[in-house]
K.L.:
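Take this structure first; my questions come after.
Bear in mind that the values here come from a model prediction, so they are computed numbers and not experimental data. Each chain gets a letter, A, B and so on, in the order its sequence line appears, and its residues count up from 1.
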Amino acid sequence: MAQNEDVFKKIISHAKEYGFVFQSSEIYDGLSAVYDYAQNGVELKNNIKQYWWKSMVQMHENIVGIDSAIFMHPTIWKASGHVDAFNDPLIDNKDSKKRYRADVLIEEYLEKQNDKIEKEVEKAAKRFGDAFDRQQFVSTNARVLEYRAKIDTVHTRFVKAMETSDLAEVKKIIEDCEIVCPVSGSRNWTEVRQFNLMFSTQMGSVSEDASTLYLRPETAQGIFVNYLNVQKTGRMKIPFGIAQTGKAFRNEIVARQFIFRMREFEQMEMQFFVRPGTEMEWFEYWKKTRLDWHLALGIPVEKYRYHPHDKLAHYANAACDIEFEFAFGFKELEGIHSRTDFDLSQHQKFSGKKLQYFDPELNENYVPYVIETSIGLDRTFLTVLSHAYCEEKLEDGSERVVMRIPGILAPIKCAVLPLVAKDGLPEKAREILSILMPDFMCQYEEKDSIGKRYRRHDAIGTPYCVTIDHQTLQDNMVTIRHRDTMEQHRIPVEKIAETLRDAIRLN
RNA sequence: GCGGAAGUAGCUCAUUUGGUAGAGCGAAAGCCUUCCAAGCUUUAGGUGGCGGGUUCGAGCCCCGUCUUCCGCUCCA
């Protein structure tokens, strides 16, 4: 494990040194858990996205894509359950290190005060026997009145604080009531924090009538709310899918492990709409299909595993993750969820619009069930990077770092290199470059020895280097050098494009 | 979020008890011309993460803050 972490650190610094990933706002000391993709990283990321899009949309006649906006109607997040599920004020006890819901602590305190009143009532009832008048007792007894007044004051403050989201006041109530931690018994509390994983912002420039919008915490809802539009205008027949890639935002309390858990990240999702009752078949189908997609990248099957969920989310009746073995263990890379008709039904309810499908075979209307495949683009990027990174010992004893990125994903497909920067070789090289450029991401380099240039391209995963020498000027043949094997042979200039095309084809 | 550690050039790291920062690699320009990083010359690049304090004097000591890493916690 320690060795793995070592390699992981090397991958992170390699990613920076060779222009894959930079920390966001680095010259301002950085922004926690936010990263930028650099010149090579953006190519790799775009290639992964395109590879996913082609295998999901282009290769399936019953799947289409959309690109919905990040801003959506705020009610969507009420319907989806995001607003309610994540709005708790939390507080930690510094001594026991336990975390509590601040509102629950206060409610428990109020209950205890009520219990005290009840005890007084019981005692008095025993004392007075049959003559006891509860109503009269509670409205006149000094102690009870004192408790009652306290409860009322705290309750009023509490309700107001919760309504206005005044967290400092919530903390103050806990302090004023001298509430202690049930575990440590101490009153050493942290500040109260709102645990809401959605980022919010304002729409409308005048603050009084501005409305609160959320940055979407998942891309899925953009598909659900467009379900009917796409189904009608695309004349889609069930079963069919809608795919989308895009940014999502989560205000994670702890976001770490490089680009594995970021506050701003990109998802690649596909929601597959099926006839109710057939969802488990499709669930199994997509589990297999998606794993095959990962394996097609050439990463060995041992690096992956299924992780079925025991505890299901409120919307699901089956869920399974595809996990990848990162340096820090097996972690979720993609989720396959059977979301039932939860989302569409919720949107029906909240929007008042029917989101149904008329199935001509069954001759009936129903709300479709949904199988979701949701993969993290940044995590896939990290997977590719982790698996590609290789420190290799060569026969002559020297070492090289080579990124064995699958050709279809490599940032640069081909480096065009004149053997020496004179005798007309640069001119010839640029001539070849201009032929390749429209179809392939290429890079021209003439600085430094040829060996050094090969190694530089190994380090960013360029699968092919084409070298132009004096002989080329005579016979129009170049040396093509393969990244992984380091083998080289001569091919005619006209064959370069063909070779590259074979190497980066979608299988 | 809590606890621990760290932050010096693009990278890896020096700078013995506090006395105003160096190297290697890398980069750029030029020379050389050689199919697997290794030749020569020159140049650029650091208000020592940032802010404050102690001191005649702080990269070094103290406080705060930001970021990263490790552990815990959390995680539709």
K.L.:
Indicate yes or no: at least one non-hydrogen side-chain atom of A/Q39 is less than 4.5 angstrom from one of A/I460.
P.N.:
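A side-chain contact under 4.5 Å is absent here.
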
K.L.:
What's the closest nucleotide to the A/Y454 side chain, out of B/C35, B/U33, B/A27?
P.N.:
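The answer is B/C35, which lies nearest to the side chain.
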
K.L.:
From B/C35, B/A38, B/G30, pick the nucleotide closest to the side chain of A/S449?
P.N.:
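My answer, after comparing the listed nucleotides, is B/A38.
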
K.L.:
Could you check whether A/Q271 and A/E372, counting side-chain N and O atoms only, form a donor-acceptor pair closer than 3.5 Å?
P.N.:
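Side chains of A/E372 and A/Q271: pair found under 3.5 Å.
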
K.L.:
Any N or O donor-acceptor pair linking the side chain of A/R250 to the base of B/C75 at under 3.5 Å?
P.N.:
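Answer is no: no donor-acceptor pair is held.
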
K.L.:
Does NZ or CZ of A/R379 lie under 6.0 Å from the centre of the six-membered ring of A/F324, at an angle within 45° of the ring axis?
P.N.:
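No, cation not above the ring by the 6.0 Å, 45° rule.
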
K.L.:
From CG of A/L417 over to P of B/C35, roughly how many Å is that when rounded to an integer?
P.N.:
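Checked: the CG to P distance equals 13 Å.
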
K.L.:
Could you tell me the separation between the NZ atom of A/K452 and the P atom of B/G39, rounded to a whole number of Å?
P.N.:
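My rounded result for the distance is 8 Å.
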
K.L.:
Mark yes or no: A/K287 above the aromatic ring of A/Y306, with NZ or CZ under 6.0 Å from the six-membered ring centre and no more than 45 degrees from the axis.
P.N.:
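Verdict for A/Y306: a cation-pi partner in A/K287.
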
K.L.:
Write down the distance separating the C1' atoms in B/G46 and B/A21, rounded off to the nearest Å.
P.N.:
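Result for the C1' pair: 8 Å, nearest Å.
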
K.L.:
Rounded to whole angstrom units, what separation is found between the CG atom of A/L425 and the P atom of B/C32?
P.N.:
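Those two atoms, CG and P, are 15 Å apart.
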
K.L.:
Give a yes or no on whether the ring-centroid distance for A/F8 and A/F326 is below 6.0 angstrom.
P.N.:
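Aromatic pair excluded; centres sit 6.0 Å or further apart.
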
K.L.:
Roughly how many Å apart are B/C2 and B/A44, using the P atom of each and rounding to a whole number?
P.N.:
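After rounding to an integer number of Å, I get 46 Å for this pair.
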
K.L.:
Of all the choices, B/C69, B/C36, B/A28, which nucleotide is nearest to the side chain of A/Y35 once you look at every atom?
P.N.:
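It is B/C69.
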
K.L.:
For the side chain of A/R456, starting at C-beta, report the closest nucleotide among B/C35, B/A27, B/G30.
P.N.:
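From the listed options, B/A27 comes nearest.
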
K.L.:
Tell me: CZ of A/R455 to P of B/G26, nearest whole Å?
P.N.:
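To the nearest whole Å, that distance equals 13 Å.
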
K.L.:
Given atom CD of A/E399 and atom P of B/A38, what is their separation to the nearest angstrom?
P.N.:
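After rounding, the gap between these two atoms is 16 Å.
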
K.L.:
I'd like the C1' distance from B/A29 over to B/U67, given in whole Å.
P.N.:
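36 Å, rounded to whole Å.
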
K.L.:
Is any side-chain heavy atom of A/Y35 less than 4.5 Å from a side-chain heavy atom of A/E264?
P.N.:
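Not touching, per the 4.5 Å side-chain cut-off.
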
K.L.:
Should the side chain of A/E17 and the base of B/C11 be counted as holding a donor-acceptor pair, with the cut-off at 3.5 Å?
P.N.:
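Absent.
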
K.L.:
When the C1' atoms of B/A23 and B/G64 are compared, how many Å lie between them, rounded to an integer?
P.N.:
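My reading of the C1' atoms in B/G64 and B/A23 gives 34 Å.
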
K.L.:
With the side chain of A/Q23 defined as its heavy atoms from C-beta on, choose the nearest nucleotide among B/U68, B/A37, B/C75.
P.N.:
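Nucleotide nearest to A/Q23's side chain: B/U68.
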
K.L.:
Do the non-hydrogen side-chain atoms of A/F20 and A/E43 ever get within less than 4.5 Å of each other?
P.N.:
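Counting from C-beta outward, A/F20 and A/E43 never come under 4.5 Å.
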
K.L.:
Atom NE2 of A/H482 to atom P of B/C35: distance rounded to whole Å?
P.N.:
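About 19 Å, once rounded to whole Å.
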
K.L.:
Partner lookup for B/C2, please. Criteria are Watson-Crick or G-U wobble with both distances under 3.5 angstrom; report none if nothing qualifies.
P.N.:
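The answer is B/G71, by the H-bond criterion.
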
K.L.:
Which nucleotide in the list B/A28, B/U33, B/C69 gets nearest to the side chain of A/K9?
P.N.:
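Among B/A28, B/U33, B/C69, the one nearest the side chain of A/K9 is B/C69.
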
K.L.:
Under 4.0 Å, heavy atoms only, any strand: does A/L419 hit a base, just the sugar-phosphate, or nothing?
P.N.:
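It contacts base atoms.
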
K.L.:
What contact category does A/A220 fall into here, base, sugar-phosphate, or nothing, at under 4.0 angstrom with non-hydrogen atoms?
P.N.:
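Nothing: the residue A/A220, judged by heavy atoms under 4.0 Å, touches no strand.
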
K.L.:
If you check every side-chain atom of A/R481, which of B/C36, B/U33, B/C75 has the closest atom?
P.N.:
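The listed nucleotide nearest to A/R481's side chain is B/C36.
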
K.L.:
Of the nucleotides B/C36, B/U33, B/C11, which one has an atom closest to the side chain of A/M486?
P.N.:
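Nearest to the side chain of A/M486 among the choices is B/C36.
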
K.L.:
Name the nucleic acid region contacted by A/F258, choosing base, sugar-phosphate or nothing; use a 4.0 angstrom heavy-atom cut-off, strictly under.
P.N.:
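Since only primed, P, OP1 and OP2 atoms lie under 4.0 Å of A/F258, the category is sugar-phosphate.
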
K.L.:
Counting the atoms with a prime plus P, OP1 and OP2 as sugar-phosphate, which does A/D423 contact under 4.0 Å by heavy atoms, base, sugar-phosphate, or nothing?
P.N.:
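The answer is nothing, as A/D423 stays clear of every strand by at least 4.0 Å.
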
K.L.:
Expressed as a whole number of Å, how far does the C1' atom of B/U33 sit from that of B/A38?
P.N.:
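B/U33 and B/A38 have their C1' atoms separated by 15 Å.
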
K.L.:
In whole Å, I'd like the distance from the CZ atom of A/R400 to the P atom of B/A37.
P.N.:
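Checked: the CZ to P distance equals 11 Å.
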
K.L.:
Tell which nucleotide pairs with B/G57, taking only Watson-Crick or G-U wobble pairs whose two distances are both under 3.5 angstrom.
P.N.:
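Base-paired to nothing in any strand shown.
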
K.L.:
Please report the distance separating the C1' of B/G22 from the corresponding atom of B/G59, rounded so that it comes out in whole Å.
P.N.:
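Per the computed distance, 13 Å lies between those C1' atoms.
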
K.L.:
With hydrogens left out and only the distance checked, is there a donor-acceptor pair under 3.5 Å joining A/S13's side chain and the base of B/C11?
P.N.:
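Absent.
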
K.L.:
Provide, to the nearest angstrom, the distance between the NZ atom belonging to A/K171 and the C1' atom belonging to B/G1.
P.N.:
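In whole Å, B/G1 C1' and A/K171 NZ are 13 Å from each other.
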
K.L.:
Look at the side chain of A/D458 and the base of B/C36, then say whether one donor and one acceptor between them are separated by less than 3.5 Å.
P.N.:
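A donor-acceptor contact between them is absent.
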
K.L.:
Counting side-chain heavy atoms from CB outward, which of B/C11, B/C35, B/U67 is closest to A/S32?
P.N.:
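The closest nucleotide is B/U67.
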
K.L.:
Report the base-pairing partner of B/A9 (Watson-Crick or G-U wobble, both distances below 3.5 angstrom), or none.
P.N.:
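Partner of B/A9: none.
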
K.L.:
Taking B/C69 as the reference, what is the distance to B/A37 when you measure between their C1' atoms (whole Å, please)?
P.N.:
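Here B/A37 and B/C69 have their C1' atoms 30 Å from each other.
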
K.L.:
Could you give the distance separating B/U12 and B/A58 at their P atoms, to the nearest angstrom?
P.N.:
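One P to the other, the span is 29 Å.
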
K.L.:
Measuring only between side-chain heavy atoms, which start at C-beta, is A/I322 closer than 4.5 Å to A/W293?
P.N.:
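A side-chain contact is absent here, since even the closest heavy-atom pair is not under 4.5 Å.
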
